[in-house]
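Numbers restart at 1 for each chain; the letters A, B, ... are given by sequence-line order, proteins then strands.
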Amino acid sequence: MSLRLYDTGTRSVRDFQPRKPGEVGVYLCGLTVQGPPHIGHLRGGVAYDMLIRWLRRTGYNVTYVRNVTDIDDKILVRGEEQGRPWWSIAYENERKLSRDYAALNVEPPTYEPRATGHITEIIDLISELVERGHAYATESGNVWFSVSSWADYGELSNRRPEDMLSSPDTGDKRDSRDFGLWKAHKPGEPEDAAWTSPWGRGRPGWHIECSAMARRYLGDGFDIHGGATDLMFPHHENELAQSRGAGLDFTNFWIHGGLLNLSGTKMSKSLGNTLSVASLGEKGFRPADIRYYLTTGHYRSPLEFSEDLLAEAKTGWERLSNFVHRAAESLGAEATIGGGLSPDFVNAMDDDLNTPAAIAAIHDMAREGNTALDSGNDTAATSSAGGVRAMLDQLGLDPLDPHWEDPGDAKLHGAVDALVKLALEQRAEARARKDYAAADRIRDELAHAGITVKDTPRGPVWTVD
RNA sequence: GGUGGGUUGUCCGAGUGGUUAGGUAACGGCCUGCAAAGCCGUGCACACGGGUUCGAAUCCCGUACCCACCUCCA
């Protein structure tokens, strides 16, 4: 079976075929960096990371573009509120986003263009739309896309313009459903938030930057365009109208991810119910726990978030991680490299990236591996351990990936290891003379210091909580 | 009002016209000095009402409820 993906454009699961054999162009709408990222945003990044990794595994050369929208109304408002340049806020949030993506082992895109760096491309595209009669400039220097000029408007989100609620803020548009391509500079707005254009000084509206940047880096037609489901309308609908209106093919597949819900409602900046990687870290959740949790649901389904659910996911992840560590200890880490993916895993991933089923396949193999380790069947254990590692690695979750190590850990680990071994030697002596009270006291004291000791057939091992 | 998605066992979460999802929690067992980890077993789930079918949680019709989008949002 080959890769099949759900395409919002046709509302169906379709066989994935790139335009050019072996080459895939992917555009993901990244964030508008008006505030720091929360794990709802990161869910999208992780889901796409999974897609990109799977496309590459399948053998495609992937060009992955994920933009940053670094100018819009809200960013300007934030600048005003905080009394500092709007662009410093955008950049600060962009850096936080990059840091969190990196923490979750999300690979960087091929390129990450910013809206403000593509004013030329944006102006060119708007000019073409004006020439073709799909956009018009007004006296005040605004340029609007004319929804009524584009018969297919609404095709992506399956809405008819007449059904839509009209926006209360009509500005100087001819039709309340028209949307802004270029916003004229207004008195009081920062001078450094405006650029020269054929229609006077101003700045781009939301939507147009994605059409312009996708065209610049991926060409007039490309393979996959994505974002979360809340972008489908109006953002993606508008992008589609702009790009097609300008005569571009645009994308073959539309992929929309589900949102992360918090107590039934979505997590969002405007609701203020957000959670960051850092704040979860303070509660003892490591980035790998979060990444595993985010893969336990299908990317298109809404995913419920709570600390209890995250804790439950953490336990599930530790089961796999325990197995890999256990196998590496008994067989040697080298023996667990280079394993293969199970057919169940491959089928699940090919079936619209069914990561919950893929994880089930990993758990199945981990169980077999544990049984093999228990019975001393090293051949079977090696095979299972290699497979589990390879599959987890495919999901960006290999427990032995150095990425998950705390940089400061390595040195400290050596020092602590020496001390703990000393204590464990004394405990072993106590156990040998069946002085279990003394043995347990040593274990309890270590536990008090945050060190958990487990006895295995090959002797005691320790871990830090 | 319009559009889309959903309702699965303690909880989360896949899936499918007839065969064990998986994890998690609980209980029982094995192993262990104890614990942890691990393994085995138990729970026979699919909102409700009809219908189609040899057989439906899976298809069809209806009902109820939930969520999102239609205004900035991954």
Side-chain angles (χ1 to χ4, degrees), chain A residues 8 11 28-32 34-35 37-48 66 72-74 77 97 154 157-160 162-169 177 206 226-235 237 256-261 264-271 274 292-293 296-298 300-306 308-320 322-323 325-326 344 348 351 354-364 366-375 431 434-437 439-440 443-444 447 452-457 460-461 463:
Chain A
T8 312
R11 308 266 167 180
L28 172 64
C29 287
L31 296 202
T32 300
Q34 52 172 285
H38 59 67
I39 62 169
H41 301 126
L42 299 169
R43 181 189 182 191
V46 168
Y48 270 80
R66 184 184 67 205
D72 87 322
D73 292 353
K74 291 219 168 158
V77 169
L97 178 63
S157 56
N158 196 22
R159 295 158 204 255
R160 291 171 305 176
E162 55 270 30
D163 288 338
M164 295 176 198
L165 304 173
S166 57
S167 162
D169 173 27
R177 292 164 189 90
W206 187 42
T229 184
D230 56 349
L231 290 184
M232 192 168 79
F233 189 90
H235 186 57
E237 191 72 57
H256 289 104
L259 301 175
L260 194 68
N261 290 338
T265 56
K266 68 170 177 170
M267 181 176 294
S268 84
K269 285 180 270 200
S270 49
L271 296 177
T274 61
Y292 178 86
Y293 157 71
T296 58
H298 184 90
R300 281 196 285 119
S301 304
L303 186 62
E304 198 59 42
F305 180 85
S306 72
D308 285 348
L309 293 174
L310 182 55
E312 196 175 299
K314 179 183 159 92
T315 305
W317 151 251
E318 281 168 354
R319 175 178 146 76
L320 297 175
N322 281 343
F323 166 63
H325 281 108
R326 197 184 161 206
D344 284 349
D351 183 15
N354 190 340
T355 53
I359 286 177
I362 301 175
H363 276 284
D364 284 340
R367 191 190 323 104
E368 291 165 12
N370 272 319
T371 303
L373 284 174
D374 284 346
S375 63
R431 291 179 75 200
K434 298 212 191 305
D435 182 358
Y436 295 120
D440 288 350
R443 186 170 62 188
D444 290 347
T452 305
V453 174
K454 295 190 296 187
D455 293 314
T456 74
V461 297
T463 51

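- In this structure, A/Glu368 places its CD atom 13 Å from C1' of B/rC39, rounding to the nearest Å.
- Nucleotides B/rA68 and B/rA74 are separated by 14 Å at their C1' atoms, to the nearest Å.
- Nucleotide B/rA37 holds its P atom 16 Å from the CG atom of A/Leu373, rounded to whole Å.
- The phosphate of B/rU71 (OP1 or OP2) has no side-chain N or O of A/Arg177 nearer than 4.0 angstrom.
- Counting any heavy atom pair closer than 4.0 Å across all strands shown, A/Gly226 reaches no nucleic acid atom.
- Nearest nucleotide to the side chain of A/Phe233, out of B/rA14, B/rG23, B/rC70: B/rC70.
- When the P atom is used for both B/rA36 and B/rC31, the distance is 16 Å, rounded to whole Å.
- For A/Arg66 and A/Tyr48, the positive end is not near the middle of the six-membered ring at less than 6.0 Å and at most 45° from its axis.
- B/rC44 and B/rU52 have their P atoms separated by 29 Å, with the value rounded to a whole Å.
- Distances were taken from every side-chain heavy atom of A/Asn370 (C-beta onward) to each of B/rC39, B/rU24, B/rG4; the shortest belongs to B/rC39.
- Closest to the side chain of A/Glu312, out of B/rC12, B/rC39, B/rA74, is B/rC12.
- Note on A/Ser301: only backbone sugar-phosphate atoms sit closer than 4.0 angstrom, heavy atoms only; bases stay farther off.
- Between the C1' atoms of B/rA47 and B/rC66, the separation comes to 11 Å (whole Å).
- Residue A/Gly257 is classed as having no contact, given no heavy-atom separation below 4.0 Å to the nucleic acid.
- Among the nucleotides B/rA74, B/rA21, B/rC39, the one closest to the side chain of A/Ala228 is B/rA74.
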Go through it in stages, so that I can follow the logic: the residues are A/Asp440 and A/Arg443, the test is side-chain contact (heavy atoms from CB on, under 4.5 Å), and I'd like the CA-CA distance, side-chain angles, deciding distance and then a yes or no.
CA-CA 5 Å; A/Asp440 288 350; A/Arg443 186 170 62 188; 3.5 Å; yes
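- Nucleotide B/rG1 holds its P atom 18 Å from the CG atom of A/Asn158, rounded to whole Å.
- One P atom belongs to B/rG23, the other to B/rA14, and the distance between them is 16 Å to the nearest Å.
- Toward the 5′ end of RNA chain B lies the nearest nucleotide of A/Arg11, the other residue of the pair A/Arg11 and A/Tyr293 mapping further downstream.
- With P as the reference atom, B/rU16 and B/rG6 are 12 Å apart, rounded to whole Å.
- For A/Lys74, the listed nucleotide lying nearest its side chain is B/rC72; candidates were B/rG22, B/rG15, B/rC72.
- Nucleotide B/rG5 holds its P atom 12 Å from the CZ atom of A/Arg159, rounded to whole Å.
- A/Asp364 is listed as a side-chain neighbour of A/Arg367, based on a closest heavy-atom distance under 4.5 Å.
- In this structure, of B/rC12, B/rG38, B/rG4, it is B/rG38 that holds the atom nearest to the side chain of A/Asn322.
- In this structure, the CZ atom of A/Arg300 is 15 Å from the C1' atom of B/rG13, given to the nearest Å.
- Side-chain proximity of A/Arg431 to the nucleotides B/rC34, B/rC12, B/rA14 is greatest for B/rC34.
- Following rounding to the nearest Å, A/Lys314 (NZ) and B/rC12 (P) show an atom-to-atom distance of 21 Å.
- Nearer the 5' end of RNA chain B, as judged by each residue's closest nucleotide, is the contact made by A/Tyr292, out of A/Tyr292 and A/Thr371.
- Across all strands shown, B/rG38 forms a Watson-Crick or G-U wobble pair with B/rC30, both key distances being under 3.5 Å.
- Remark: the separation of the C1' atoms in B/rU8 and B/rC48 is 15 Å, to the nearest Å.
- In this structure, A/His298 reaches the sugar-phosphate backbone alone: every heavy-atom distance under 4.0 Å involves primed, P, OP1 or OP2 atoms, never a base.
- In this structure, the nucleotide among B/rG22, B/rA37, B/rC34 sitting nearest to the side chain of A/Asp364 is B/rG22.
- Annotation for A/Leu320 and A/Ala366: closest pair CD2-CB, 3.7 Å, computed over non-hydrogen atoms.
- With hydrogens and angles disregarded, a donor-acceptor distance shorter than 3.5 Å links the side chain of A/His41 to the backbone of A/His38.
- Between the side chain of A/Glu237 and the main chain of A/Ser157, a donor-acceptor pair closer than 3.5 Å is present.
- Across B/rC34, B/rC12, B/rU24, the shortest atom-to-atom separation from the side chain of A/Arg443 is found for B/rC34.
- Ring geometry, A/Trp317 versus A/Tyr292: the interplanar angle falls from 30° to 60°, so the pair is classed tilted.
- As the counterpart of B/rG17, no nucleotide is assigned, since no Watson-Crick or G-U wobble pattern has both distances under 3.5 Å.
- At B/rA68, none of the side-chain N or O atoms of A/Asn261 fall inside 4.0 Å of OP1 or OP2 (strictly under the cut-off).
- Nucleotides B/rU63 and B/rU24 place their P atoms 41 Å apart, quoted to the nearest Å.
- Contact annotation: A/His41 side-chain N/O to B/rA74 OP1/OP2 distance is under 4.0 Å.
- We find that CG of A/Asp230 is positioned 8 Å from P of B/rC70, with the value rounded to whole Å.
- At the heavy-atom level, A/Gly316 lies under 4.0 Å from the strands shown only through sugar-phosphate atoms.
- The partner of B/rU63 is B/rA47, by the rule that a Watson-Crick or G-U pair needs both atom distances under 3.5 Å.
- A 4.5 Å side-chain heavy-atom check between A/Ile359 and A/His363 finds at least one atom pair inside the cut-off.
- You'll find the side chain of A/Asn354 reaches within 4.5 Å of the side chain of A/Pro356, heavy atoms only.
- Residue A/Asp440 places its side chain closer to B/rC34 than to any other of B/rC34, B/rC69, B/rA14.
- Atom CG of A/Asp344 is separated from atom P of B/rA14 by 17 Å (rounded to the nearest Å).
- Of the nucleotides present, none pairs with B/rA74 by Watson-Crick or G-U wobble criteria with both distances under 3.5 Å.
- Using a 4.0 Å heavy-atom criterion, one finds that A/Leu28 contacts no nucleic acid atom at all.
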